[in-house]
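Quick note: numbers below take in every heavy atom, side chains included, and nothing from hydrogens, waters or symmetry partners. These numbers were taken from a predicted model, which means no experiment stands behind them.
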Amino acid sequence: MTLQIYNTLSRKKEPFEPLEAGKVSMYVCGPTVYADAHIGHAMSSLVFDVVRRYLEYCGYQVRHVMNYTDVDDKIIQRANHEGRDSLELAQEYIDAYNRHIEDLNILPANVFPKATEEIDQIVEMTARLMDDGFAYSVDGDVYYRVERKDDYGKLSGRKLADMQAGSRVGVDERKEHPMDFALWKSAKEGEPSWETPWGAGRPGWHIECSAMALHHLGPQIDIHGGGNDLVFPHHENEIAQTESLTGKPFARYWMHNGMLQLSGEKMSKSIGNLVTINDFLKEHEADVLRILVLNSSYRSPLSYNDEVLEAATRGLERLRSGLRPALPGAQGAAPALAKALDERTAASKEGFIAAMDDDFNTSSAMAELFDLVRRINQARDESAKDEDLKPAQTLLLELSGLLGLNLAHQVETEIDPADLIAIFEEMRAKLGDAESSQALGVDVGSEDAIRAILKLREKFREAKQWAASDEIRDRLAALGVLVEDNAQGSSWRWG
RNA sequence: GGCGACGUGGCCAAGUGGUAAGGCAAGGGUCUGCAAAACCCUCAUCACGGGUUCGAAUCCCGUCGUCGCCUCCA
């Protein structure tokens, strides 16, 4: 079984075969940078990050391009409103998005082109489209002639005739056909503009992606991705422009992710029902968002609410539980158990790959990981030693890592050392056993202090002084340190 | 109005012809001084109606409902 990818163009899954063996060119539409990015944007970047990671895991050398649209109506509008330069404003949000990419553990694209840095290519492309009769200029605006492309509408499944009838847009009378779209917009007062043979102006939205793809990846690319709200008109128009120019099919596989839904509606800037990436990361780990995305099909709408968020948070904890070491008194796994775990490990890997090969079925792939975790924990409960668990845990790390999860990552809670010292001193006094422990210095590390406190707690427990023992546990919990007791002693972890 | 997608247990969500993965929540149990964690057990016949088939959540028709696109949008 080889990798199958659902192609929006054909509306079915197709075996993945890149143009050039062993190499994949992938272009993903990035955000228009005029406001804080929200987790819907993050979802899209996460989806294609997983696609890229899996392709690389399959041995492909991936060239990944993601653009930033840094000149457009809304950017200009906002910049003018704030009385500042639009390019500067855009750059600010580009920097912010680059930080988000890092914070979310998304592999950076090989190239992050910006529209304003590709003007030469855009102008050249527009000129050639005019020369070849695919475009015409009116008063400095340049429009693409949709009737020149026989298969216009093939991606979104629309016909020009239908679109005319249903058009809600006020039609510009200067256009030859109502659906003709702008390649170039003539300069207006207070807007950035560039000189061209047909007059000063700025690029339309769709042309930049065509120009960048052509420039950085060539006339034909393997995968073109983006949110499914871009299918029409954006990607439809990209196809028209590019194919008119090159005479070749533009992208082999068109992949579109579903929209993130908040309270039953698409999360978007215009509706205002959004959670920014910044706000999300203030409250949650990046992996929580990733699990949220991985838990369902990338093509379907993704529900976002408190319950789902809680489920993802707990799910992450659960995955991490698989990495915990053997129990203190472990005797070693019985041969049958060790064999079963090894077999399960091999089966998990197979199942995982089969799931991912099926159009990146991440929710099935996740199910394999959860199953693997259960087997590991089972074995641990049945006295398996670290060496017994190791292969399965290694696979868990490998596969979760390939999805971009960082299970080994420990979130250390910021603790004021004074808080720990206070607990220690108080409890030491209560124990009335000063000889047993040294006083803690102010320079002691958090982990040292926690261990020292737990030693005291062990004495309380030996003396069956449960009230004091519980108090310590509660106070540490309040600081973000989870203490867990079991038959062989106590352990703790950040939580 | 046009195009498209979808409707699976309390929530989220796989599965597209052979009798329902997984996560969270919930209930019961093991362990534990207690708690937590972990482990074990329990928990759906797939919006509704009709049809095709030996057999359908899965195919076809209809009804209801939801969402997306048709305007900037990941």
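Residue contacts shown for A:Val47 are absent, as no nucleic acid heavy atom lies under 4.0 Å away. A:Gly40 comes within 4.0 angstrom of a base, heavy atoms only. Using a 4.0 Å heavy-atom criterion, one finds that A:Leu327 contacts no nucleic acid atom at all. Among the heavy atoms of the strands, none lies under 4.0 Å from A:Gly153. Backbone-only engagement by A:Gly30 is indicated by non-hydrogen atom pairs under 4.0 Å involving sugar-phosphate atoms exclusively. Here A:Met259 lies in heavy-atom contact (under 4.0 Å) with a base. Looking at heavy-atom distances under 4.0 Å, A:Gln261 makes contact with sugar-phosphate atoms alone, never a base. Nucleic acid contact class of A:Arg380 (heavy atoms, under 4.0 Å, all strands): none. Residue contacts for A:His38: at a heavy-atom cut-off of 4.0 Å it reaches a base atom on one of the strands shown. At a threshold of 4.0 angstrom between heavy atoms, the contacts of A:Val308 are confined to the sugar-phosphate backbone, with no base atom among them. If you check every strand for non-hydrogen atoms under 4.0 Å, A:Leu482 touches nothing.
Of all heavy-atom pairs spanning A:Ser156 and A:Phe232, the tightest one is OG-CD1, 3.3 Å.
Counting to the nearest Å, the C1' atom of B:C67 and the CD1 atom of A:Ile271 are 11 Å from each other. Distance, A:Lys175 NZ to B:U71 P: 9 Å, rounded to whole Å. One atom, OH of A:Tyr68, and another, P of B:C72, lie 22 Å apart when rounded to the nearest Å. Rounded to whole Å, atom P of B:G68 lies 21 Å from atom CD of A:Glu236. Counting to the nearest Å, the C1' atom of B:A5 and the CH2 atom of A:Trp254 are 19 Å from each other. At whole-Å resolution of the value, CG in A:Leu372 and P in B:G23 are 13 Å apart. Atom CD of A:Glu238 and atom C1' of B:A74 are 13 Å apart (whole Å). Rounded to an integer number of Å, the gap from A:Phe181 CZ to B:C72 C1' is 16 Å.
Taking atom P on both B:C72 and B:U45, the two are 47 Å apart, rounded to the nearest angstrom. Taking atom C1' on both B:G68 and B:C24, the two are 27 Å apart, rounded to the nearest angstrom. With P as the reference atom, B:C11 and B:A44 are 15 Å apart, rounded to whole Å. The same atom, P, is picked in B:A13 and in B:U8; the two are 8 Å apart, to the nearest Å. Distance noted for atom P between B:G28 and B:A35: 13 Å (whole Å).
Of the side-chain N and O atoms in A:Gln378, one or more sit less than 4.0 angstrom from OP1 or OP2 of B:C40. The side chain of A:Ser156 contributes no N or O atom lying less than 4.0 Å from OP1 or OP2 of B:G4. For the pair A:Arg374 and B:A38, the criterion of a side-chain N or O lying under 4.0 Å from OP1 or OP2 is not met. The side chain of A:Arg314 contributes no N or O atom lying less than 4.0 Å from OP1 or OP2 of B:C11. In this structure, A:Lys266 reaches the B:C69 phosphate: one of its side-chain N or O atoms is under 4.0 Å from OP1 or OP2.
B:U58 makes up no base pair with any nucleotide shown, lacking Watson-Crick or G-U wobble contacts both under 3.5 Å. The partner of B:G1 is B:C70, by the rule that a Watson-Crick or G-U pair needs both atom distances under 3.5 Å. Across all strands shown, B:U30 is found opposite B:A38 as a Watson-Crick or G-U wobble partner, with both distances under 3.5 Å. Base-pair partner of B:C6: B:G65 (Watson-Crick or G-U wobble, both distances under 3.5 Å). Using Watson-Crick or G-U wobble geometry with both donor-acceptor distances under 3.5 Å, B:G17 finds no partner in any strand shown.
Counting only N and O atoms by type, the side chains of A:Tyr143 and A:Arg174 include a donor and acceptor under 3.5 Å apart. Side chains of A:Asp70 and A:Gln91: a donor-acceptor N/O pair is absent below 3.5 angstrom, by distance only. Between the side chains of A:Ser363 and A:Asn295, not a single donor N or O lies within less than 3.5 Å of an accepting N or O. In this model, no donor atom of one side chain and acceptor atom of the other lie less than 3.5 Å apart for A:Gln261 and A:Ser303. With 3.5 Å as the limit, one finds a donor-acceptor pair spanning the side chains of A:His216 and A:Glu118.
For A:His235 and A:His256, the ring centers sit closer than 6.0 Å to each other. Two rings, from A:Phe250 and A:His224, have their centers less than 6.0 Å apart.
Taking only side-chain atoms of A:Ser469, from C-beta outward, the nucleotide of B:C12, B:G33, B:C72 with the closest atom is B:G33. Listed nucleotides: B:A38, B:G68, B:C70. Nearest to the side chain of A:Pro233: B:C70. Side chain of A:Asn377, nearest nucleotide from B:A38, B:G33, B:C70: B:A38. For A:Arg158, the side-chain atoms get nearest to B:C70 when compared with the rest of B:C39, B:A74, B:C70. With distances taken from any side-chain atom of A:Glu310 to the nucleotides B:C3, B:C24, B:G22, the minimum falls on B:C24. For A:Arg457, counting side-chain heavy atoms from C-beta on, the closest listed nucleotide (B:G4, B:G33, B:C70) is B:G33. Comparing atom distances between the A:Phe232 side chain and each of B:C70, B:C67, B:A38 picks out B:C70 as nearest. Minimum atom distance to the side chain of A:Ser300 is reached by B:A14, of the listed B:A14, B:C11, B:C69. Distances from the side chain of A:Lys74 to the nucleotides B:A37, B:C69, B:C72 place B:C72 closest. Ranking B:G22, B:C72, B:A38 by closeness to the A:Arg318 side chain, first place goes to B:A38.
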Can you pull every protein N or O that's under 3.5 Å from an N or O on nucleotides 15-21 of chain B?
| unit_1 | atom_1 | unit_2 | atom_2 | d |
| --- | --- | --- | --- | --- |
| B:G15 | OP1 | A:Asn361 | ND2 | 3.2 |

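Atom CZ of A:Arg52 sits about 4.5 Å away from atom CG of A:Leu107, to the nearest 0.5 Å.
More than 12 heavy atoms of other residues, nucleotides or ligands shown are found within 6.0 angstrom of CD on A:Glu458.
Tested against A:Asp73, the residues A:Arg78, A:Arg202, A:Lys188 include a single salt bridge (charged side-chain N to carboxylate O under 4.0 Å, His left out) partner, A:Arg202.
Across the interface with RNA chain B, nearest-nucleotide mapping of A:Cys29 and A:Asp470 shows A:Asp470 to be the residue nearer the 5′ end. Both A:Glu382 and A:Glu368 sit near RNA chain B, but only A:Glu368 has its closest nucleotide nearer the 5' end.
Ring-plane geometry between A:Phe360 and A:Tyr298 is classed as perpendicular, the angle between the planes exceeding 60 degrees on a 0 to 90 degree scale with a lower cut at 30.
In the interface, the side chain of A:Asn228 is not paired with the base of B:C69 through any donor and acceptor atom under 3.5 Å apart.
For B:G33, the base is stacked against the aromatic ring of A:Trp466, per a cut-off of 5.5 Å between centres and 30° between planes.
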